[in-house]
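Below is one structure, written out as structure tokens, with a few remarks after it.
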Amino acid sequence: MDPKGQRVKLNDGHFIPVLGFGTFAPPEVPKSEALEVTKLAIEVGFRHIDSAHLYQNEEQIGQAIRSKIADGTVKRKDVFYTSKLWSTSLRPELVRPALEKSLNNLQLDYVDLYIIHFPVALKPGEALLPKDENGKPIFDSVDLCHTWEALEKCKDAGLTKSIGVSNFNHKQLEKILNKPGLKYKPVCNQVECHPYFNQSKLLEFCKSHDIVLVAYGALGSQRIKGWVNPNLPFLLEDPVLSAIAKKHKQTPAVVALRYQIQRGVVVLAKSYNKKRIKENIQVFDFELTPEDMKAIDGLNSSIRYNELLPGVGHPEYPFFEEY
């Protein structure tokens, strides 16, 4: 941890802020909102911004970061920016052009972290979710070790400071870690992680390999049609979280975020609500007791909101493994 206790060191020597601002929004949210909320997030103190090619908002996010640099709120080095390599660009020859496209949309010289978004390869092309005439996703077959080698080259070229993965299970991580001639280990694995799905086994595995677990969906999840199971309970209405929040005079969301930070997890707070963006930064103002942590651990019930169902049927679909 650094002196403020707000960053952790990655295995390549760079530092990542433990609290990040997630920028994904459902299609019905106008793109202009991404610009406004990201500016606000930087103003209230977020220094880690997470987006992706898939989110189709990197132009707006880049604009927000650049405007906060221009008005003197931050310097470029103060902002940790993550982008992600989408599944249609997992072929090694498509990796660098995909990153360059993101950089061009962002109008930035480099990203701080570039990660493989999802281990399931889809048919290359303009469509983000290519489908056949029956509406089934069109898969591609790619060796993820070759994708990883292309990411290593992007790091060497200075286009990204660090490289990692997302939605990988421990076997997929092991495959990269045991790859002959590995130059850089993944610095992180970004996965769904919250009190109902606390990923304790994967967290233990990652810690043992000096890989940071980054939690998305940390506040439960927006109900995105086709991707998220709509019948699951709402995490932030959980009575245990609510009681702990009341005790600390915080919101259940802030308690859910604090829980991750105290477990050594880097956590993304995703909200397009201005009041909640300001509340979420208060995660550093208090501490959960060991009893609180134990009570929250007790909520774990293997509820995965983001099953990423379009990937089912692909040999690399990650979620049939226990962790």
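Note: hydrogens, waters and symmetry copies are ignored here, and every other heavy atom, side chains too, is used.
For Glu174, the CD atom counts as densely surrounded, since its 6.0 Å shell holds more than 12 non-hydrogen atoms of other residues, nucleotides or ligands. Residue Lys131 qualifies as open at atom NZ: its count of foreign heavy atoms under 6.0 Å is 12 or below. Environment of CZ in Arg276: sparse, with no more than 12 heavy atoms of neighbouring residues, nucleotides or ligands closer than 6.0 Å.
Between the side chain of Glu192 and the backbone N or O of Asn306, at least one donor-acceptor pair lies under 3.5 Å. In terms of modelled atom types and a separation under 3.5 Å, the side chain of Glu237 and the main chain of Phe234 share no donor-acceptor contact. Asp78 contributes a side-chain N or O that, together with a main-chain N or O of Lys75, makes up a donor-acceptor pair within less than 3.5 Å. Of the possible donor and acceptor atoms, one in the side chain of Asn57 sits under 3.5 Å from a partner among the backbone N and O of Thr23. In this structure a side-chain-to-backbone donor-acceptor pair under 3.5 Å is missing from Trp148 to Lys179. With hydrogens and angles disregarded, no donor-acceptor distance shorter than 3.5 Å links the side chain of Ser89 to the backbone of Leu85. For the pair Gln6 (side chain) and Val18 (backbone), a donor-acceptor distance under 3.5 Å is absent. Under a 3.5 Å cut-off, the side chain of Asn11 and the backbone N or O of Pro186 do form a donor-acceptor pair.
Donor-acceptor pairing under 3.5 Å is recorded for the side chains of Thr73 and Asp71. Side-chain atoms of Ser166 and Asn189 include no donor-acceptor pair closer than 3.5 Å. No donor-acceptor contact under 3.5 angstrom links the side chains of Asp112 and His48, judged on distance only. Between the side chains of Glu316 and Gln172, at least one donor N or O sits under 3.5 Å from an acceptor N or O. Checked by atom type, the side-chain pair Ser102/Asn105 shows no donor-acceptor distance below 3.5 Å. A donor atom on one side chain and an acceptor atom on the other are found under 3.5 Å apart for Asp238 and Tyr196.
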Between His117 and Trp86, does a ring-ring contact (aromatic ring centres under 6.0 Å, His included) hold up when you go through it step by step? CA-CA 6 Å; His117 203 151; Trp86 182 235; 5.2 Å; yes
Take His14 and Phe80 through the ring-ring contact (aromatic ring centres under 6.0 Å, His included) test and state the conclusion after the steps. CA-CA 10 Å; His14 292 294; Phe80 188 100; 8.4 Å; no
Decide yes or no on salt bridge (charged side-chain N to carboxylate O under 4.0 Å, His left out) for Glu149 and Lys153, but give the supporting numbers first. CA-CA 6 Å; Glu149 286 162 3; Lys153 290 191 176 104; 5.8 Å; no
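Within the structure, every pair that satisfies the salt bridge (charged side-chain N to carboxylate O under 4.0 Å, His left out) test and touches residues 50-63, not counting sequence neighbours, is listed here: Asp50-Lys84.
Leu182 and Val142 fall within a single hydrophobic cluster, where Ile, Leu, Val, Met, Phe, Trp and Tyr are joined by side-chain heavy atoms under 4.5 Å apart, directly or via other members. Put simply, Phe197 and Val240 are part of two different groups of oily side chains (I, L, V, M, F, W, Y) that touch within less than 4.5 Å, one to the next. In this structure, Ile49 is not a member of the same hydrophobic cluster as Leu35, with clusters built from ILVMFWY side-chain heavy atoms closer than 4.5 Å.
The minimum heavy-atom distance between Glu152 and Tyr184, with the atom names listed, is OE2-N, 2.8 Å. What you find for His194 and Ala218 is that their closest heavy atoms are CB-O, 3.6 Å.
For the pair Lys155 and Tyr114, the cation-pi criterion (under 6.0 Å, within 45° of the ring axis) is not fulfilled. Judged by the 6.0 Å and 45° rule, Arg76 forms a cation-pi pair with Tyr110. Taking the ring centre of Phe139 as origin, the terminal cationic atom of Lys123 falls outside the region bounded by 6.0 Å and 45° from the ring axis. Taking the centre and axis of the six-membered ring of Phe15, the NZ or CZ atom of Arg7 falls inside the cone set by 45° and 6.0 Å.
Annotation: the span from Asn178 atom CG to Cys145 atom SG amounts to 9.0 Å, rounded to 0.5 Å. Taking NZ of Lys68 as the reference point, atom CZ of Phe46 lies at 15.0 Å (rounded to 0.5 Å).
For the pair Asn280 and Val254, the minimum side-chain heavy-atom distance is below 4.5 Å. Using a 4.5 Å heavy-atom threshold, the side chains of Ile42 and Arg47 count as touching. Within the 4.5 Å cutoff, the side chain of Tyr323 has no heavy atoms near those of the Asn169 side chain. The side-chain heavy atoms of Lys39 and Ser67, taken from C-beta on, include a pair separated by under 4.5 Å.
A salt bridge is defined here as a Lys NZ or Arg NE, NH1 or NH2 lying under 4.0 Å from an Asp or Glu carboxylate O, and Lys171 with Glu321 meets this definition. The existence of a salt bridge linking Lys185 and Asp12 is excluded, since no basic side-chain nitrogen approaches an acidic carboxylate oxygen closer than 4.0 Å. Here Lys275 pairs with Glu279 in a salt bridge; the nearest charged N to carboxylate O distance falls below 4.0 Å. Between Asp292 and Arg258 there is no salt bridge, since no side-chain N of the basic residue sits under 4.0 Å from a carboxylate O of the acidic one.
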Please tabulate, for side-chain N and O atoms in residues 206-216, each donor-acceptor pair with protein atoms closer than 3.5 Å (sequence neighbours left out).
residue: Lys207; atom: NZ; partner: Arg263; partner atom: O; Å: 2.8
residue: Ser208; atom: OG; partner: Phe205; partner atom: O; Å: 2.7
residue: Tyr216; atom: OH; partner: Asn167; partner atom: OD1; Å: 2.6

